[in-house]
Enquirer: 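Attaching a single structure in structure tokens format; questions to follow.
Reminder, nothing fancy here: chain letters follow the sequence lines and each chain counts from 1. These numbers come from a predicted model, not from an experiment.
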Amino acid sequence: MHQAPVQDPLSLLTSRFREAMLASFPDLPADIDPLIKACAQADLGDFQCNAAMSLAKRVGKPPREVAKTLVAAAKVGDLVEPLTEASIAGPGFINIRLRSDALSAAATSLDTPSLGLEPASPAQTVVVDLMGVNLAKQMHVGHLRSPIIGDALARTFERLGHTVIRQNHVGDWGLPIAMVTARLIELSQAGRLDLAKVTLDDLDAAYRTAQAECQRDLAGLEACRRFGLGPKATAECEAQVEGATEKFVAARATLVKLQAKEPATYAVWKVIQKVTMDVCIAACRRLHVNVTDEHSAGESSYADELAPMVADLESRGIAELDQGALIVRLDTPEYGSIKEPCLVRKTDGGYLYATTDIAAIRRRVQQFGADRIVYAIDARQNLHLRQIFGAGRKAGYARNKRTGLDAVMEHAAFGSVLGEDGRPFKTRSGESVKLADLLEETVTRAMAQVRSRNPESSEAECRVIAENLGMSALKYADLVNDRVRDYVFSFDRMLAFEGNTGPYLLYALVRILNIFRKAAEAGVGETWKGVPIRCEDAAEKNLAIALLRYPATVRSVADSLEPHRLCQYLFDLAGCFSTFYDQCPTLKADGPVRDGRLRLCHLTRRVLEDGLKVLGLPTVERM
RNA sequence: GCGGGUGUAGCUCAAUUGGAUAGAGCACCUGACUACGGAUCAGGAGGUUAUAGGUUCGACUCCUAUCACCCGUGCCA
């Protein structure tokens with residue numbers, strides 16, 4: 001189905017000014033950029049052309065003279081108020097003010113089902129790595145950002161018509177998991193634990209104990225040997241860790257049984273997996289993050305692929321032996337010029353997480369057909385990711401057979417969540433905050449707000465509102481800042497009545513919905529649906545111009561992997577609407593004015609709802 | 001040591017990728033409509049963009065040093 005393209009003033013002006021440039025200065029390349037931007041100061045104009053300054057040097061004329069030439073040559077009379085010498089400011093900026101009829105036509109042309117975002121062609125297959133929980137470990141604050149950011153990016157790609165495959169890369173394999181499994185078997189056999197009733201907290205405790213038993217003293221022993229503290233000290237250490245060594249041996253034995261899928265051991269592992277994943281999926285569900293069991297691909301699912309894959313790397317000379325370990329060198333420009341090689345097999349023959357991650361690249365490209373893989377992962381993993389990207393390319397695993405190109409692999413790195421003291425977010429006692437507790441407290445605080453504001457609403461109604469309001473507030477607070485920076489977490493600020501918050505955006509939407517609810521009550525028909533969008537008053541114009549920026553904003557999120565651009569945009573849009581709401585009464589206006597404004601309200605509602613959905617923020621109808 | 005990141009108003013953060021007088025929100029001060037729901041709107045004050053140089057018509061942005069903090073750095077994941 002063909003749809004008329006949006007008459008976006010920015011792109012229209014860009015092509016018109018390009019024509020003017022080419023007509024005036026024929027030597028310019030055909031794709032010259034006229035540098036049309038939204039005007040920095042609204043009182044000067046709606047848009048501005050910044051090309052004259054840089055052009056001046058190219059053509060050897062003063063910038064203001066170049067600007068004058070462009071003003072004379074630009075055929076834009078149907079779009080903008082007449083351009084004169086007064087339109088030229090400073091060193092050669094050309095200020096442009098849109099005609100309201102052109103703006104109305106543009107805004108009206110945006111009001112289609114797609115909102116100016118036609119499905120991308122060709123559609124890409126994009127894998128988004130958006131979570132990495134570990135079995136038997138309680139989810140905490142550190143697990144908040146990856147799914148929120150990753151899901152927002154995934155939704156952005158989906159909105160643009162790409163095929164998205166979400167991946168939850170679960171840490172469900174290896175010696176640490178075997179240690180917990182061994183510990184659980186031991187507890188269960190001693191009658192100290194009922195496997196049928198085990199909780200994630202139980203698992204977490206078992207994990208810590210097992211970890212401590214197996215590793216603490218072994219590290220000490222290792223140090224004795226390495227620093228040559230002598231046979232006596234070593235013997236003392238050995239005596240001390242005898243018990244631990246025993247556990248360690250048991251864990252290794254358990255790992256072997258797991259790898260062989262020995263039924264009794266494997267069954268315990270399955271219990272650990274189910275308990276962990278149930279909590280994980282429940283958290284995602286509550287966060288309105290689209291991650292379910294079908295998106296989970298644990299490290300265990302790659303276990304059988306590792307040995308053949310590493311053999312492949314070795315036989316083709318991609319990897320080489322060095323000091324006993326098998327490594328992939330990456331110190332050439334095509335693989336990232338990384339000094340540190342990527343280890344894929346330890347001296348003892350064991351594999352590392354890099355090995356699994358390279359196998360994941362292979363599956364994602366070769367099996368899923370990924371054109372692009374986006375990792376929403378903590379910034380501290382940057383070196384590791386650059387290594388596996390390089391190794392994946394060097395091995396040829398990243399080469400997409402359909403396109404003949406390497407999949408684009410990107411690290412959407414994010415910083416840490418800090419407390420209000422500027423240090424990593426912890427409870428007062430220094431414990432990490434359980435994710436489930438964090439979500440619960442968010443909703444509890446939101447509930448208090450909602451109840452005090454809506455004393456007449458029922459408890460149940462308030463609860464639903466508080467749930468959505470709280471989750472939107474929490475997610476917005478995470479998404480609104482530049483991803484890569486650390487951010488300071490504050491319940492008070494994210495749930496605040498005022499300011500750049502999720503609640504502010506939801507409130508703007510509620511106000512629009514109220515207008516239509518009230519209109520329906522007053523028996524206003526749907527006569528507004530056919531009229532052009534009204535863009536006469538300043539507030540109306542500003543709102544319309546803001547609406548028209550929507551498609552480009554969403555696309556820029558997909559390109560830059562920066563959801564905060566959409567957040568800032570929506571905040572700006574909501575602000576434009578609030579000003580309009582204050583200055584331009586809709587339902588009190590008469591027929592044609594009212595209808596033109598109703599249509600403007602309706603388009604605002606659609607863009608706001610669409611944008612919130614792209615970010616993954618649930619909305620409310622009242623609050 | 002080497003590598004990466006960050007440094008912007010009292011606080012929390014932006015800045016359309018080199019454009020005009022560096023913008024918002026909070027907090028502070030002033031004002032508005034007995035409200036199409038005030039979780040609103042309008043205005044004021046608040047800055048040597050860590051520091052010093054450089055590139056050019058023009059720099060928060062690019063280059064070179066320096067400082068501060070965070071992180072990562074071959075056999076954990």
Enquirer: Between Val328(A) and Lys394(A), is any pair of side-chain heavy atoms under 4.5 Å apart?
Expert: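 Val328(A) vs Lys394(A): side chains touch.
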Enquirer: Could you work out which one of C13(B), A20(B), G4(B) sits closest to the side chain of Asn382(A)?
Expert: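 Closest of the options to the side chain of Asn382(A): G4(B).
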Enquirer: What is the separation between atom CZ on Arg58(A) and atom C1' on C57(B), rounded to the nearest whole Å?
Expert: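 It works out to 16 Å between those atoms.
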Enquirer: Between U49(B) and A59(B), how far is it from one C1' atom to the other, in whole Å?
Expert: 11 Å
Enquirer: Listed by chain and number, what are the side chain to side chain donor-acceptor pair (under 3.5 Å) partners of Arg208(A), not counting sequence neighbours?
Expert: Asp204(A)
Enquirer: With P as the reference atom in both, quote the distance from C26(B) to A42(B) in angstrom, rounded to an integer.
Expert: 11 Å
Enquirer: Quick check for you: among G7(B), G5(B), G37(B), whose closest atom lies nearest to any side-chain atom of Lys518(A)?
Expert: G37(B)
Enquirer: Glu410(A): what forms a side-chain contact (heavy atoms from CB on, under 4.5 Å) with it, not counting sequence neighbours?
Expert: Arg372(A), Val374(A), Val408(A), Leu561(A)
Enquirer: Quick one: side chain to side chain donor-acceptor pair (under 3.5 Å) pairs with a partner in residues 568-579 of chain A, sequence neighbours left out?
Expert: Tyr504(A)-Ser578(A), Arg549(A)-Asp572(A)
Enquirer: With sequence neighbours excluded, tell me which residues meet side-chain contact (heavy atoms from CB on, under 4.5 Å) with Leu547(A).
Expert: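 Per chain and number, Leu547(A) pairs via side-chain contact (heavy atoms from CB on, under 4.5 Å) with Leu110(A), Leu543(A), Leu573(A), Leu600(A), Leu603(A), Thr604(A), Val607(A).
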Enquirer: Base of U40(B) relative to its sugar, syn (within 90° of 0) or anti?
Expert: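 You should classify U40(B) as anti.
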Enquirer: Taking only nitrogen or oxygen atoms into account, show me every contact under 3.5 Å that the protein makes with nucleotides 70-75 of chain B, one pair per line with its distance.
Expert:
{"residue": "U73(B)", "atom": "O2'", "partner": "Glu340(A)", "partner atom": "OE2", "Å": "3.1"}
{"residue": "G74(B)", "atom": "O6", "partner": "Asp322(A)", "partner atom": "OD2", "Å": "3.2"}
{"residue": "G74(B)", "atom": "N1", "partner": "Asp322(A)", "partner atom": "OD2", "Å": "2.5"}
{"residue": "G74(B)", "atom": "N2", "partner": "Asp322(A)", "partner atom": "O", "Å": "2.7"}
{"residue": "G74(B)", "atom": "N2", "partner": "Asp322(A)", "partner atom": "OD2", "Å": "3.4"}
{"residue": "C75(B)", "atom": "O2", "partner": "Thr347(A)", "partner atom": "N", "Å": "2.8"}
{"residue": "C75(B)", "atom": "O2", "partner": "Thr347(A)", "partner atom": "OG1", "Å": "3.2"}
{"residue": "C75(B)", "atom": "N3", "partner": "Thr347(A)", "partner atom": "OG1", "Å": "2.6"}
{"residue": "C75(B)", "atom": "N4", "partner": "Gln323(A)", "partner atom": "O", "Å": "2.5"}

Enquirer: Between protein and nucleotides 24-31 of chain B, what N or O pairs are separated by less than 3.5 Å?
Expert:
{"residue": "G25(B)", "atom": "O2'", "partner": "Asn500(A)", "partner atom": "N", "Å": "3.4"}

Enquirer: Given that Asn134(A) and Tyr504(A) both sit by RNA chain B, which one's nearest nucleotide is further toward the 5' end?
Expert: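 That would be Tyr504(A).
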Enquirer: Rounding to the closest angstrom, what is the interatomic distance between A32(B) and U6(B) at atom P?
Expert: 45 Å
Enquirer: Return whichever of Asn454(A) or Asn481(A) has its heavy-atom-nearest nucleotide of RNA chain B closer to the 5' end.
Expert: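 Its nearest nucleotide being more 5', the pick is Asn481(A).
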Enquirer: Find the distance between CH2 (Trp528(A)) and CG (Asp595(A)) and round it off to the nearest 0.5 Å.
Expert: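 Here the rounded value is 9.0 Å.
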Enquirer: Once you measure the plane-to-plane angle for Phe516(A) and His602(A), does it fall in the parallel (<30°), tilted (30-60°) or perpendicular (>60°) bin?
Expert: perpendicular
Enquirer: Quick one: Asp331(A) CG to G3(B) C1', roughly how many Å, whole number?
Expert: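 So the two atoms are 14 Å apart, to the nearest Å.
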Enquirer: Taking C2(B) as the reference, what is the distance to A65(B) when you measure between their P atoms (whole Å, please)?
Expert: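 Taking atom P in both A65(B) and C2(B), they lie 11 Å apart.
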Enquirer: For Arg252(A) and C76(B), give me the distance from atom CZ to atom P, rounded to whole Å.
Expert: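 Rounded to whole Å, this separation is 10 Å.
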Enquirer: If I pick the P atom on C60(B) and the same atom on A52(B), what distance separates them, to the nearest angstrom?
Expert: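 Per the computed distance, 13 Å lies between those P atoms.
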Enquirer: How are the rings of Phe491(A) and Phe489(A) set relative to one another: parallel (under 30°), tilted (30 to 60°) or perpendicular (over 60°)?
Expert: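 Answer is perpendicular, since the angle exceeds 60°.
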Enquirer: For Asn95(A) and A20(B), give me the distance from atom CG to atom P, rounded to whole Å.
Expert: 12 Å
Enquirer: Under 3.5 Å for both pairing distances: what stems, at least three Watson-Crick or G-U pairs long, include RNA chain B?
Expert: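 Stems found: B:1-7 with B:67-73, B:10-13 with B:23-26, B:28-32 with B:40-44, B:50-54 with B:62-66.
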Enquirer: Less than 4.0 Å between a side-chain N and a carboxylate O, is that true for Asp478(A) and Arg145(A)?
Expert: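 Result for this pair is yes, salt bridge flagged.
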Enquirer: Mark yes when over 12 heavy atoms from residues, nucleotides or ligands other than Glu621(A) sit less than 6.0 Å from its CD; otherwise mark no.
Expert: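 No - once you tally the heavy atoms of other residues, nucleotides and ligands closer than 6.0 Å, there are 12 at most.
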Enquirer: In whole Å, what is the span from the CG atom of Leu418(A) to the P atom of U6(B)?
Expert: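 Whole-Å distance recorded here is 15 Å.
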Enquirer: Is there a stack between Tyr581(A) and C36(B), judged by ring centres under 5.5 Å and planes under 30°?
Expert: yes
Enquirer: In whole Å, what separates the P atom of G43(B) from that of G3(B)?
Expert: 49 Å
Enquirer: Does Lys68(A) NZ have over 12 foreign heavy atoms under 6.0 Å away?
Expert: no
Enquirer: Polar atoms only, N or O, under 3.5 Å: list the protein pairs with nucleotides 17-19 of chain B and their distances.
Expert:
{"residue": "U17(B)", "atom": "OP1", "partner": "Lys37(A)", "partner atom": "NZ", "Å": "3.1"}
{"residue": "U17(B)", "atom": "OP2", "partner": "Lys37(A)", "partner atom": "NZ", "Å": "2.6"}
{"residue": "U17(B)", "atom": "O4", "partner": "Arg565(A)", "partner atom": "NH2", "Å": "2.2"}

Enquirer: Under the ring pair (Phe, Tyr, Trp, His ring centres under 6.0 Å) test, which residues partner His411(A), sequence neighbours left out?
Expert: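 In terms of ring pair (Phe, Tyr, Trp, His ring centres under 6.0 Å), with neighbours along the sequence ignored, His411(A) is linked to no residue.
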Enquirer: Could you check whether any side-chain heavy atom of Pro585(A) comes within less than 4.5 Å of a side-chain heavy atom of Arg597(A), counting everything from C-beta outward?
Expert: yes
Enquirer: Listed by chain and number, what are the side chain to side chain donor-acceptor pair (under 3.5 Å) partners of Ser301(A), not counting sequence neighbours?
Expert: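 Result, side chain to side chain donor-acceptor pair (under 3.5 Å) vs Ser301(A): Arg363(A).
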Enquirer: Are Asp486(A) and Arg423(A) close enough, and set up right, to give a salt bridge (charged side-chain N to carboxylate O under 4.0 Å, His left out), and what steps lead you there?
Expert: CA-CA 10 Å; Asp486(A) 296 347; Arg423(A) 307 186 48 187; over 6 Å; no
Enquirer: Going by modelled atom types, is there a donor-acceptor pair between the base of A14(B) and the side chain of Asp572(A) at under 3.5 Å?
Expert: no
Enquirer: Can you pull every protein N or O that's under 3.5 Å from an N or O on nucleotides 42-44 of chain B?
Expert:
{"residue": "A42(B)", "atom": "OP1", "partner": "Thr579(A)", "partner atom": "OG1", "Å": "3.2"}

Enquirer: What is the separation between atom CD1 on Ile94(A) and atom C1' on A20(B), rounded to the nearest whole Å?
Expert: 14 Å
Enquirer: Name the orientation class of the two ring planes belonging to Tyr302(A) and His169(A) (parallel below 30°, tilted from 30 to 60°, perpendicular beyond 60°).
Expert: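 Plane angle between 30° and 60°, so tilted.
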Enquirer: Sticking with atom P, work out how far G31(B) lies from A15(B), rounded to a whole angstrom.
Expert: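 Here G31(B) and A15(B) have their P atoms 35 Å from each other.
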Enquirer: With heavy-atom distances below 4.5 Å as the criterion, would you say the side chains of Cys280(A) and Met139(A) are in contact?
Expert: yes
Enquirer: By the salt bridge (Lys or Arg N to Asp or Glu O under 4.0 Å) test, which pairs, at least two apart or in different chains, include something from residues 500-528 of chain A?
Expert: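 Pairs touching residues 500-528 of chain A that pass the test: Glu526(A)-Lys529(A).
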Enquirer: Work out how far the C1' atom of C76(B) is from that of C13(B), and round it to whole angstrom.
Expert: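 Going atom to atom, C1' in each nucleotide, I get 36 Å.
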